[in-house]
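As the structure is a prediction and not an experimental result, all values here were calculated from the model. Residue numbers start at 1 and run along the sequence shown.
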Amino acid sequence: MGKRPKILVVGSFVMDQIATTRVVPEEGQTVLGKTFHKAPGGKGANQAVQMARLGADVTMIGKLGHDANGKELLAVCRKAGINVSEVLYDDTEATGCAVIILEVVPGGSTKNRIIVIPGSNMTIQPEEVAFLKDEIGAYDLVLLQHEIPMEINEIIAEFADEKGVPVMLNPAPAAQLSRKFISHLTYISPNEHEAAAMTGIKVHRENGFNLEEAKVAASVLRGFGVDNVVITLGESGVLMDTPQGIFYKPAVPDVNVVDPTAAGDSFVGAFCTRICMGDGYGEALSFANHTAAITVSRMGAMPSLPELHEVEEFIRSKKEQ
Ligand code: RIB
């Protein structure tokens, strides 16, 4: 394995409130659920924690409220070894939180529905990240998502591009991107819904996803100006279109999906860590698939993100099967 990469995440902190239920309520309906969990999350912080647990040297910048949720999120990030010295605080807004409904499908995969209330995440100001204009040159990669103001993402991507630092965008939740923002990206990793929202190309499910449609969506995204497009396709695996060609890795078989929340975060965090460590794309995609497979087999976002030794053991055990 290569060097310990230095990765910057500018993104969200969110405290998740998770209800599991067999029945998702219709309009006006009340149902009795099964369990309730509270767990730290947020796409930015999840990705930062995943990379730190896999051995990267991670700095996380985001905005918290002065409240108990903010304290807990910061403590988990610190415990993972993340540099949180530049984390910002909002004096009036609360720390972001989310309501997650986990639909437990008997004999099938659990499905999630998520509502994020961004709170302090959406109050980051350009002047609060201006110091990164020079400092960003010290990083091997910058990782962004869509749970902070788009203006901040655009500024950070431009700073990184100016210094020749690669930028990965995990475009979740789906949003329209400016041409200028896209021009600063090195990698983009949408799931099939986000790829459809950006390209208008729906990747249909037949037996698994239609890979030809995924290839078209990826090539349209490349046509927008992002060289490397990674489309995650859930149980159908992952497709990557690059100037070196197309890579495809199937999902890890026989995984018991307890909670799919943060699967994408775990995948993109693992992929970024491994390409920065020198893995080829095929190797990094496979490693990231295995990392995400562990994540979905456990409850909660951050609590489910595996450590490096767990991923290595899991890969060994799958090879032996
Ligand atoms: O990607 C999963 C995350 O999305 C959850 O942790 C939730 O906080 C939302 O941000």
Student check: side-chain heavy atoms of [X] and [Y] closer than 4.5 Å:
X: Ile315; Y: Lys319; result: yes
X: Met198; Y: Pro171; result: yes
X: Leu102; Y: Pro260; result: yes
X: Phe181; Y: Leu144; result: yes
X: Val58; Y: Leu8; result: no
X: Phe13; Y: Cys77; result: yes
X: Val142; Y: Ile156; result: yes
X: Ser189; Y: Val238; result: no

For Glu310, all residues meeting salt bridge (charged side-chain N to carboxylate O under 4.0 Å, His left out), sequence neighbours excluded |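 Salt bridge (charged side-chain N to carboxylate O under 4.0 Å, His left out) check on Glu310 returns Arg298.
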
Residue pairs, two or more places apart or on separate chains, that pass ring pair (Phe, Tyr, Trp, His ring centres under 6.0 Å) and touch residues 269-289 | Phe247-Tyr281

What residue pairs, at least two apart or across chains, pass ring pair (Phe, Tyr, Trp, His ring centres under 6.0 Å) with a residue in residues 15-49?
-> none

Set of side chain to side chain donor-acceptor pair (under 3.5 Å) partners for [X], sequence neighbours left out:
X: Ser317; value: none
X: Thr295; value: Ser266
X: Arg179; value: none
X: Glu307; value: none

State, to 0.1 Å, how close [X] and [Y] come at their nearest heavy-atom pair, and which atoms those are.
X: Ile231; Y: Ala195; result: CD1-CB, 4.0 Å
X: Asp161; Y: Ser183; result: OD2-O, 3.8 Å
X: Ala293; Y: Val296; result: O-CG2, 3.3 Å
X: Val76; Y: Pro40; result: CG2-CG, 3.8 Å
X: Ala218; Y: Leu239; result: CB-CD2, 4.2 Å
X: Met302; Y: Gly41; result: CE-O, 3.7 Å

Not counting sequence neighbours, list each pair that qualifies as a salt bridge (charged side-chain N to carboxylate O under 4.0 Å, His left out) and has a residue in residues 15-40.
->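 Checked against salt bridge (charged side-chain N to carboxylate O under 4.0 Å, His left out) - neighbours excluded - the pairs reaching residues 15-40 are Lys38-Glu72.
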
Which salt bridge (charged side-chain N to carboxylate O under 4.0 Å, His left out) pairs, counting each pair once, include a residue from residues 238-261, with sequence neighbours left out?
-> Arg222-Asp241

Side-chain donor or acceptor of [X] paired with backbone N/O of [Y] under 3.5 Å:
X: Thr95; Y: Leu64; value: no
X: Arg78; Y: Val84; value: no
X: Asn289; Y: Val252; value: no
X: Gln50; Y: Pro306; value: yes
X: Thr199; Y: Ile201; value: yes
X: Arg4; Y: Gly55; value: yes
X: Glu194; Y: Asn191; value: yes
X: Asn170; Y: Gly264; value: no

To the nearest 0.5 Å, how far apart are CG in Asp57 and CG in Asn83?
->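 Reported to 0.5 Å precision, the distance equals 7.5 Å.
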
Value rounded to 0.5 Å, distance of OG1 in Thr123 from CG in Asp91 | 9.5 Å

Whether over 12 other heavy atoms sit under 6.0 Å from Lys318 NZ |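 Buried by this count: over 12 neighbours within 6.0 Å.
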
Partner residues of His290 under the ring pair (Phe, Tyr, Trp, His ring centres under 6.0 Å) criterion, sequence neighbours left out = Phe314

side-chain hydrogen bond (donor to acceptor under 3.5 Å, both in side chains) pairs, two or more places apart, involving residues 124-148 |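 Passing the test, one end in residues 124-148: Lys3-Asp140, Ser12-Glu147, Gln47-Gln145, Thr59-Tyr139, Lys63-Glu128, Lys133-Glu162.
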
Using atom types as modelled, flag every donor-acceptor pair under 3.5 Å from a side chain in residues 106-117 to any protein atom, sequence neighbours excluded.
from	atom 1	to	atom 2	distance (Å)
Thr110	OG1	Val257	O	3.1
Asn112	ND2	Thr261	OG1	3.0
Arg113	NH1	Glu103	OE1	3.0

